[in-house]
**Student:** 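Quick one: the structure is below, and I'll ask about it shortly.
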Amino acid sequence: MSDNGNGHRYKVVLGYGTCGIAAGATAVKDALEEEVKKGSYDVDLDIAGCMGLCFIEPVVEIFDRQGGSVVYGDITAKKVPQLLEEHVGKGQVIEDWVVKKSEDPEACEGDFLANQLRVVLRNCGKINPESIEEYIQIGGYEAAKKALTSMTPEEVIDEVSTSGIRGRGGAGFPTGTKWGFARKSPGEEKYLICNADEGDPGAFMDRSVLEGDPHSVLEGMILAGFAIGARQGYIYCRAEYPLALKRLDIAIEECHQKGFLGEGIFGTDWSFEVKVKKGAGAFVCGEETAMMASIEGQRGMPNPRPPFPATHGLWGKPTNINNVETFAAIPWIIAEGGEKYAEIGTEKSKGTKVFCLAGKVRRTGLAEVPMGYTLRQVIFDVGGGIAEGREFKAVQMGGPSGGCLPAEKLDTQVDYDQITAAGAIIGSGGMIVADNRTCMVDLARYFLSFTQDESCGKCTPCRIGTKRMLEILERICEGKGEPEDIEKLQVLAGDIKDASLCALGGTAPNPVLTTLRYFKDEYEDHIFNHKCAAGSCPALITLRIDPETCTGCAACVKVCPTDAITGEKKEPHVIDAEACIRCKMCLSRCPSESIIAE
Amino acid sequence: MEKECACSNRFADVDDLGPLEEIIEHYGSEKGALIPLLQEAQDAYGYLDEKIMREIAKRAGYQLSQVFGVATFFAQFRLKPIGEYLIKVCHGTACHVAGATQITDEVINQLGIEEGETTPDNKFTLESVMCLGACALAPIMVVGDDTHGKLKPTKIKKVLKAYAGPGGPEGAEGDDAE
């Protein structure tokens with residue numbers, strides 16, 4: 001909210017998304033309510049979705065009457081009384097807790113936000129996601145009203161085509177073209193599906209958008225339904241996202257009350273309904289045909305394409321499927337114009353993209369940047385570089401279908417074609433940053449175990465091919481790699497890519513192929529030297545204590561399950577390599593970081 | 001915030017078909033409702049017993065093979081009962097990079113059960129899940145309704161201890177991130 005609402009001197013807004021709640025926002029909420037009840041503060045309390053500052057949750061933003069604001073991070077229930085007393089009571093900012101100030105947006109950690117351009121996340125963290133009024137107050141549903149009352153469906157599609165937006169779910173297919181196919185597809189009954197089955201581990205922007213701004217997704221769907229001629233929409237959302245599901249239900253109910261869903265929307269003769277379908281946990285259901293099978297109540301197995309969903313989709317009817325992030329951008333495009341959106345980004349990748357920064361980056365969270373930013377800008381300028389002052393090793397993009405890019409690719413622009421040329425994919429936008437303690441062979445093994453587990457089993461190359469690849473990777477990580485393993489992996493990868501039925505199998509070998517391309521030396525080190533330089537693979541490392549830094553506190557002795565550590569009090573300790581099972585309990589316990597895995 | 005009762009008899013007994021009848025009635029002849037039917041049945045009974053699946057097939061008009069096929073395809077459906085607290089250790093990429101394997105190993109070590117198993121006292125069931133979407137707090141683990149973030153293997157013992165006694169978790173709010 002840009003002002004503080006009901007005429008109170010201050011408005012205190014708590015970030016109340018899944019990340020915030022997991023970090024303790026519920027206790028903060030209780031404390032705020034209690035303090036305000038018992039004190040005589042001139043203040044209004046509200047919640048908002050995730051601002052994307054996940055690294056410093058729980059987050060509280062305090063607005064003054066002039067619209068200025070201060071964002072505080074790492075707020076706990078214990079800090080609440082002081083926060084209210086000093087900021088709200090005395091008007092004094094508590095500098096030590098500040099993340100960002102509106103009068104100096106780059107101060108403190110504020111450049112995390114200052115370096116972003118927010119289109120999709122325009123309302124996340126700013127409005128109460130459980131209040132349609134707050135969404136309407138900032139211009140919500142104006143775009144849908146404009147389109148339904150003054151534009152033809154073809155004009156809506158043209159505007160979206162002009163914007164150049166490409167599907168944000170991963171494949172990057174031009175949205176306007178896709179809508180055009182569905183529009184032209186003959187048939188009275190058509191369906192629209194919002195893909196909210198965010199299955200890529202490491203991607204959570206769809207969850208954040210649904211939790212923080214569900215109405216922009218619904219408005220995008222109303223626009224899409226009108227454009228293609230679908231009167232029934234489905235949102236296929238992961239069951240792992242209970243808060244998103246709850247807020248969607250609230251938002252849909254509010255829309256019905258306002259007449260934005262149902263019969264005769266905005267006084268026109270157009271009708272549109274949205275139903276939420278809760279996923280049941282299958283990564284392959286992110287694939288369009290598998291998702292439709294699941295909505296129909298069947299095992300979520302993909303079918304060969306063609307026929308494409310645009311002609312033969314849900315229940316055999318023309319169907320259009322877009323991702324949450326795509327839908328959330330549509331109201332902005334219709335309101336501001338496709339040309340304005342097309343001014344952002346690169347020649348072939350227009351607009352902005354939300355990335356989820358996670359892993360060994362200092363500031364984890366949501367980063368929405370214009371296409372064309374370099375990886376370095378995203379990871380270092382927005383993300384603040386590598387955590388604990390360590391060295392950047394790689395960034396994993398696109399989840400299990402994507403790849404790992406090394407330091408020499410940091411100046412690559414984020415753009416569908418450039419990232420693909422470099423060996424990864426934009427995908428859904430997960431960016432997991434790895435430092436020098438992350439083993440790239442183990443990371444490839446991790447992704448293969450994921451795809452192997454999630455393979456639906458329908459086609460042989462994916463079902464058995466990924467199993468064989470995983471077995472090879474497991475044996476390399478266990479120090480039992482064979483000299484011809486690298487070649488075997490490459491041959492298998494090629495076969496699986498060529499012969500799999502759907503994109504899950506077709507892209508499953510990618511994490512192995514890119515790590516082989518950029519980190520082949522690590523594979524060779526594992527196979528020929530039986531070494532894991534990152535100190536990660538248990539079978540290939542030894543743990544020792546640095547006698548220079550060990551303080552002899554004996555914390556490690558207490559947690560060692562095999563009593564492998566001995567030493568006199570306050571003297572450097574030693575690990576008996578024979579007894580050590582390399583569980584690394586000592587490593588996570590040591591206060592002086594004296595335990596070295598090598 | 002009011003907590004849901006987490007006592008072990010929070011689920012209906014599989015011999016009591018009352019809740020199931022309500023669920024089947026609610027969906028009526030709705031097209032493609034098998035998955036929500038199974039989800040709600042699992043919410044009511046805690047897992048999908050053979051008896052429940054047979055009833056769904058018979059009363060909602062599905063082949064038993066179809067019901068069993070769907071129930072075994074999706075990760076969310078369980079064919080065995082769970083303990084009082086379901087422990088879900090996240091194994092998404094960010095959690096993996098941050099040491100999720102060690103978290104699972106330490107839970108196994110503390111509880112003496114393998115993944116997918118329930119402790120003999122019916123207190124805990126251990127599961128691995130793929131990404132709960134709270135990557136910024138990696139590695140994370142969910143016990144019952146509480147999320148525990150920024151975990152370390154050495155913290156597991158303390159976290160589990162809070163749930164071990166009778167009468168619900170003590171001080172186990174999900175705010176124990178450092």
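Quick note on labels: first sequence line is chain A, next is B, and so on, each numbered from 1. Because the structure is a prediction, the values reported are computed rather than measured.
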**Student:** Highest number of heavy-atom pairs under 4.5 Å with chain A: which of B/Ala134, B/Gly69, B/Pro36, B/Ala98?
**Tutor:** B/Gly69
**Student:** Which answer fits A/Asp442, side chain, backbone, both or neither, if we ask what part of it has an atom under 4.5 Å from a heavy atom of chain B?
**Tutor:**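 Looking at A/Asp442, backbone and side chain both touch chain B.
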**Student:** With only heavy atoms counted, which part of A/Phe447 is less than 4.5 Å from chain B, the side chain, the backbone, both or neither?
**Tutor:**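 Side chain only.
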**Student:** From A/Met292 CE over to A/Ile193 CD1, what is the distance, rounded to the nearest 0.5 angstrom?
**Tutor:** 6.0 Å
**Student:** Considering only heavy atoms, which portion of A/Arg238 lies under 4.5 Å from any heavy atom of chain B: side chain, backbone, both, or neither?
**Tutor:** side chain
**Student:** Aromatic ring centroids of B/Phe11 and B/Tyr45 under 6.0 Å?
**Tutor:** no
**Student:** Between A/Ser208 and chain B, which part of the residue has a heavy atom less than 4.5 Å away: side chain, backbone, both or neither?
**Tutor:**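 Looking at A/Ser208, nothing touches chain B.
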**Student:** At a heavy-atom distance under 4.5 Å, which candidate from A/Ala282, A/Cys583, A/Ser294 has the highest pair count against chain B?
**Tutor:** A/Ser294
**Student:** Could you tell me which portion of A/Cys19 (side chain, backbone, both or neither) has an atom closer than 4.5 angstrom to a non-hydrogen atom of chain B?
**Tutor:**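 When you check distances to chain B, atoms from both the backbone and side chain of A/Cys19 fall under 4.5 Å.
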**Student:** Less than 4.5 Å to any heavy atom of chain B: does that hold for the side chain of A/Val284, its backbone, both, or neither?
**Tutor:** side chain
**Student:** Can you check whether A/Phe55 reaches A/Phe112 side chain to side chain, under 4.5 Å on heavy atoms?
**Tutor:**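 Sidechains of A/Phe112 and A/Phe55: in contact.
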**Student:** Give me the one residue out of A/Lys360, A/Arg437, A/Arg362 that meets salt bridge (charged side-chain N to carboxylate O under 4.0 Å, His left out) with A/Glu388.
**Tutor:**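 Result: among A/Lys360, A/Arg437, A/Arg362, A/Arg437 is the only option passing the salt bridge (charged side-chain N to carboxylate O under 4.0 Å, His left out) with A/Glu388.
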**Student:** Can you tell if the side chain of A/Cys50 reaches within under 4.5 Å of the side chain of A/Phe204, non-hydrogen atoms only?
**Tutor:**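 No, side chains not in contact.
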**Student:** Heavy-atom pairs under 4.5 Å with chain A: which of B/Val97, B/Leu34, B/Asn109, B/Leu37 has the most?
**Tutor:**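 Counting heavy-atom pairs under 4.5 Å, the top option is B/Val97.
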**Student:** What part of A/Ser588 gets closer than 4.5 Å to chain B, counting heavy atoms only: side chain, backbone, both or neither?
**Tutor:** both
**Student:** Tell me, side chain or backbone of B/Glu30 under 4.5 Å from chain A's heavy atoms, or both, or neither?
**Tutor:** side chain
**Student:** Check whether the side chains of B/Thr101 and B/His91 place a donor and an acceptor atom closer than 3.5 Å, and report yes or no.
**Tutor:** no
**Student:** Heavy-atom count check: over 12 atoms from other residues, nucleotides or ligands less than 6.0 Å from B/Glu115 CD?
**Tutor:**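 Result for CD/B/Glu115: enclosed.
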**Student:** Less than 4.5 Å apart, side chain to side chain, heavy atoms only: is that true for A/Lys275 and A/Gln232?
**Tutor:** yes
**Student:** Heavy-atom cut-off 4.5 Å, strictly under: side chain, backbone, both or neither for A/Met301 against chain B?
**Tutor:**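 Answer is both: backbone and side chain atoms of A/Met301 are under 4.5 Å from chain B.
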**Student:** Quick one: are the ring centres of B/Phe77 and B/Tyr47 less than 6.0 Å apart?
**Tutor:** no
**Student:** Once rounded to the nearest 0.5 Å, what's the spacing between atom OG1 of A/Thr18 and atom CD of A/Glu240?
**Tutor:**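 It comes to 11.5 Å.
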**Student:** Quick one: of A/Met205, A/Lys278, A/Arg589, who has the most non-hydrogen atom pairs under 4.5 Å with chain B?
**Tutor:** A/Lys278
**Student:** Below 4.5 Å from any heavy atom of chain B, which atoms of A/Lys558 appear? Answer side chain, backbone, both or neither.
**Tutor:**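 It is neither, since no heavy atom gets under 4.5 Å.
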**Student:** Measuring heavy-atom distances to chain B, does A/Ala434 have an atom under 4.5 Å in its side chain, in its backbone, in both, or in neither?
**Tutor:** neither
**Student:** Using non-hydrogen atoms only, which part of A/Arg207 is less than 4.5 Å away from chain B: side chain, backbone, both, or neither?
**Tutor:** side chain
**Student:** Where does A/Glu57 contact chain B at under 4.5 Å (heavy atoms): side chain, backbone, both or neither?
**Tutor:** neither
**Student:** With side chains defined as the heavy atoms from C-beta onward, is the minimum distance between A/Gln396 and A/Leu443 less than 4.5 Å?
**Tutor:**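 When only atoms from C-beta onward are counted, A/Leu443 and A/Gln396 do touch, with a gap below 4.5 Å.
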**Student:** Would you call B/Asp49 and B/Lys51 a salt bridge, taking side-chain N to carboxylate O under 4.0 Å as the test?
**Tutor:**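 Looking at B/Lys51 together with B/Asp49, the answer is no, because their closest N to O distance does not fall below 4.0 Å.
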**Student:** Of the backbone (N, CA, C, O) and the side chain (C-beta and beyond), which part of A/Ile295 lies under 4.5 Å from a heavy atom of chain B, both, or neither?
**Tutor:** backbone
**Student:** Measure A/Cys456 against the heavy atoms of chain B and call it side chain, backbone, both or neither at under 4.5 Å.
**Tutor:**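 Its backbone and side chain both get close to chain B.
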